[in-house]
Amino acid sequence: MMINETFFCSYFRSLRVVDKKVSLVDKSLLNVLKLEELLLSANHIKEINAFYLPATLKVLELYGNEITSLECLCAHPPPQLQHLGLGHNKLLGPLENLYVTSDYWPKLVSLDLSFNNLTDLQGMVASLSSLKCLRLLLLQGNPLALVPYYRGFTIDSLPQLCVLDDITVSPSEKYLFRGLSCSGDLLTSEAQLVVTIGNVRGVLDSSVLDPEPGPQGPFITYSYYVTYDFLEDEDNEKKEYGGVLAEIVKPSPMEELAGEEAHEEVPGEVSVASGEVSQTQSQDTMLEESIMSSPSAALQRSESAQELVKLRPRIDPRLFPSPGTVLFSTVRKPWSDIIPCSYEMQHTLKDLVPLKAFLLAGTTVTVVEEKILSWPVGQSPVDHSILAKKSKGEDKKGKEKEEKDKGKDKKDKGEKEPGKEQKGSKKKKEAPKELYQDPPILQVLGSCLVALEPLLAGEPLVSTVCDFGVVRTADSDRLTFLRDSKKTKSKKGQKVLDGGKSKTKLPLSEKRKSLVVMFDSSYQPEPLSVDIQVQLNQCRTAEEALRDLALHGTY
C-alpha cells in the first residue's frame, strides 16, 4: 500500500527507459524530486525540452536517438550535470561547438559525443577547453577524428584530460604532443588512408583448359588483378591514378544494330584501365569499317553485329563501383601459384562526412580474370565467331594433319641441313607478329565486402585475408602441374644442348612428393584469397604532424 505515486517520485533516484520507443519528455518528469540519473537511450527522441529536466540531475544519457542539435538542452541545462552522453545521434555542423562550454555545463566531468557528424576539430576543442572539470571525453566515430593529428591536438589542447576515447592519456603522450595546439591554424582538415594489397592465392589457371591455338587463332592470353572501390576527393578529380578503372562506356554502334534484346543483356562496356577508352573505341571503329567494306555488307550487317555482340564481354555487376566511389585496380599479372600484387595507394580526402559513411559501408574487393583473344590482322572479324564455334575434336584433327605434314618437311630438310631445321621449326611455331585483339573478356573469380568500421572506432589498421572459397579443381591443378613439369624438362634439355653450363637440378624426392599429393584422392585445392590492409594515418608526435604539413606544402 505504501508503493504509490508519491512514494515513487520521492524515493527513486535513477530512471532507465531504454528502447521503449519514447519520443517525448513531458513535464511529469519534474515530479521525480530526487532524480539524479536519467537513461533514455535507443529511443526516438529528436529534441528535449530542458525545462522538464529536474535540477538534481547529474547523469543524462541519450545514446542512439535522433537528436540533431544540443541547442534544445542548453535552453535550461541541469546545473549539477556531471555526465552527458549523446553518442550515436545526428549532431552536425560547426554551431554545435557553441553549446559545449562552461556557460552551460560548469560541472561536467564526462562528455560522450562519439559517432555523430562533427567535423570542426579546432572549434570543438576550443570550446571544450573552457570545461575545467572535464576529465573523460569521447569523440571517436566523428569525421573530425579521422585527421592524422586528432589525438595529439586534442590532448595538447585539453591538458586536464585523463581519458580520450576510452584510452588513458599518459604523461609520455602529453610530452610527445606538446606544442601542437599552437599550430592549430596551420593544420588541414583531411584524412589520409593507405590501401595495401599483397598476394593472391588459389587462382584458377584457365589456360590449361583451352585448346592449342591453330594458325588462324585465337591466341589467348590471361591476366589477373584485384579491384576495390574507394572515395575520390573533389579536389583530386584531375589527379591521374595509375590503377583506376575507367568509367562505364556506352554501348558501341555495333551493339545497337543487334536489337533491343542485346541492349537488355549488355548494359555497357568498361574500359580495362585509365587511358584505354580511346583504344576500345578505335577497335569498335575498325570492326565497323571492316564489316562495311565487305561486298556483302548490306546483307550480313545484322548477322555480323549479332555475332560480335555475343563475343563482346559482359559486365559483371560486381565490377560497377557504388555511387560516389571510384574503382581502383592492381597491375595485371600473369598466372602463377602465388600472384604478388605489391600494390599500395594513398588516398587523401578532405570531405570527411562522406568518408565516414563510406567506412561504415565498407569496400568491395574483387579478383578479376582478364581474357584477351588475338587474331591475325588479315582475318575478317566476322570469322571470329565461326572459328570460336569449332569443336575441340575438329581442332585436334587439324593439328594432327599439320603435325604430320610438318614432320615430313622436317625429315626432308633435316637430312641435308640439320642446323636450319631447328630454326625453321621455331619460326613455324611462332604466332603471327601482327595480331588484332578483341575487347577483353572480364570474369569475376571472387568478391567480398571488407568492413572498415573499426577505423571509425579508433583502430588504426584493418588487416584481413579475403577468402572467396575454392575456385580451382583437382583436375585443373593436375593439368597445371603436368604442364609446368614439361616446361621444366624442356628447359633442362635446352641447357644440356647449350653445353651443360647449369648444374641445378630439382631433387627427385620433391617431384615424387608433389606427384603423390597432386594425384591423391583426398587432395584439396587451395582456396582463392587476397591479403588486404587499410591503414588510417595517425601522427605519433607533434614533430611528425608538422613534418606531414611541410610535405603537403601547408607549413
Side-chain angles (χ1 to χ4, degrees), residues 193-210 220-230 243-245 248 270 272-273 313-322 325-345 347 358-372 440-455 459 461-481 483-484 517-518 520 522-535:
L193 297 98
V194 178
V195 178
T196 305
I197 299 177
N199 296 329
V200 182
R201 295 179 173 84
V203 176
L204 172 66
D205 185 7
S206 300
S207 63
V208 298
L209 305 177
D210 293 332
I220 306 174
T221 57
Y222 291 91
S223 58
Y224 303 87
Y225 59 94
V226 180
T227 70
Y228 67 97
D229 58 327
F230 214 88
V244 181
L245 292 179
I248 300 167
V270 78
V272 180
R314 301 298 189 267
I315 299 302
D316 194 293
R318 291 169 288 186
L319 285 175
F320 285 94
S322 57
T325 63
V326 178
L327 202 62
F328 292 80
S329 75
T330 63
V331 177
R332 284 140 185 79
K333 295 287 185 71
W335 182 91
S336 63
D337 195 31
I338 299 176
I339 302 176
C341 293
S342 304
Y343 176 89
E344 184 175 304
M345 173 70 76
H347 301 270
F358 172 75
L359 295 179
L360 287 172
T363 182
T364 301
V365 178
T366 305
V367 180
V368 185
E369 176 189 80
E370 181 182 86
K371 178 181 179 181
I372 297 180
I441 301 172
L442 307 180
Q443 180 182 358
V444 174
L445 302 181
S447 181
C448 74
L449 183 68
V450 176
L452 301 178
E453 189 174 357
L455 297 176
E459 295 292 333
L461 176 68
V462 170
S463 180
T464 184
V465 177
C466 300
D467 191 342
F468 306 103
V470 178
V471 298
R472 286 155 51 165
T473 63
D475 293 336
S476 66
D477 280 2
R478 290 181 192 127
L479 291 173
T480 303
F481 180 81
R483 182 201 61 189
D484 294 343
V517 172
M518 190 66 64
D520 190 3
S522 61
Y523 172 74
Q524 292 293 332
E526 185 179 10
L528 179 64
S529 63
V530 175
D531 303 329
I532 183 169
Q533 291 183 355
V534 182
Q535 184 175 5

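Side chains included, hydrogens not; waters and symmetry mates left out as well; all remaining heavy atoms used. Nothing fancy with the numbering, it's 1 onward along the sequence.
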Which distance, rounded to the nearest 0.5 Å, do you find between the CD1 of I532 and the OH of Y228? 7.5 Å
All heavy atoms of P525 vs all of D477, minimum pair found to be CB-OD2, 3.6 Å
I need the T473 OG1 to L209 CG distance, nearest 0.5 Å. 7.0 Å
Could you go through the side-chain contact (heavy atoms from CB on, under 4.5 Å) check for V462 and L455 one step at a time? CA-CA 7 Å; V462 170; L455 297 176; 3.8 Å; yes
Quick check: closest heavy atoms across L204 and R472, and the distance to 0.1 Å? CA-CG, 3.4 Å
Partner of V203 under side chain to side chain contact (heavy atoms under 4.5 Å, CB included), picked from D337, V471, V530, I339, is I339
Just grab all the side-chain hydrogen bond (donor to acceptor under 3.5 Å, both in side chains) pairs involving residues 525-534, residues at least two apart or on different chains. R201-D531, S463-Q533
Tell me if a side-chain donor or acceptor on Y343 pairs with a main-chain N or O of V195 at a distance below 3.5 Å. no
Can you see which heavy atom on I197 is nearest to which on C341, and at what distance? O-CB, 3.7 Å
Note, L445 side chain near V368 side chain (heavy atom, < 4.5 Å): no
What residues, two or more places apart in sequence or in another chain, satisfy side-chain hydrogen bond (donor to acceptor under 3.5 Å, both in side chains) together with S223? E370
Any chance you could measure E344, atom CD, to Q535, atom CD, to the nearest 0.5 Å? 9.0 Å
I'd like to know if the side chain of T330 and the backbone of V226 have a donor-acceptor N/O pair within less than 3.5 Å. yes
Checking the side chain of T480 only, and the main-chain atoms of S476 only, is there a donor and an acceptor separated by less than 3.5 Å? yes
All salt bridge (charged side-chain N to carboxylate O under 4.0 Å, His left out) counterparts of D467, not counting sequence neighbours: none
Flag side-chain contact, heavy atom, 4.5 Å: E369 against Y224: yes
For Y222 versus S206, what's the shortest heavy-atom pair and its separation? CE2-CB, 3.6 Å
In chain order, what residues pass the ring pair (Phe, Tyr, Trp, His ring centres under 6.0 Å) check against F230, with sequence neighbours excluded? H347, F358
Does D229 reach the main-chain N or O of T363 with its side chain, forming a donor-acceptor pair under 3.5 Å? no
Derivation of the side-chain contact (heavy atoms from CB on, under 4.5 Å) call for K371 and I220: CA-CA 7 Å; K371 178 181 179 181; I220 306 174; 3.8 Å; yes
The side-chain hydrogen bond (donor to acceptor under 3.5 Å, both in side chains) partners of S207 (sequence neighbours excluded) come to D205, R483
Residues in side-chain hydrogen bond (donor to acceptor under 3.5 Å, both in side chains) contact with D475, at least two apart in sequence or another chain: R478
Stepwise side-chain contact (heavy atoms from CB on, under 4.5 Å) test for V331 and Y225: CA-CA 6 Å; V331 177; Y225 59 94; over 6 Å; no
Going through the checks in order, is the side-chain contact (heavy atoms from CB on, under 4.5 Å) test met by V450 and V534? CA-CA 10 Å; V450 176; V534 182; 5.5 Å; no
Backbone N or O of I338 within a donor-acceptor pair of the S336 side chain at under 3.5 Å? yes
Without hydrogens or angle criteria, can the side chains of S447 and T366 be said to hold a donor-acceptor pair below 3.5 Å? yes
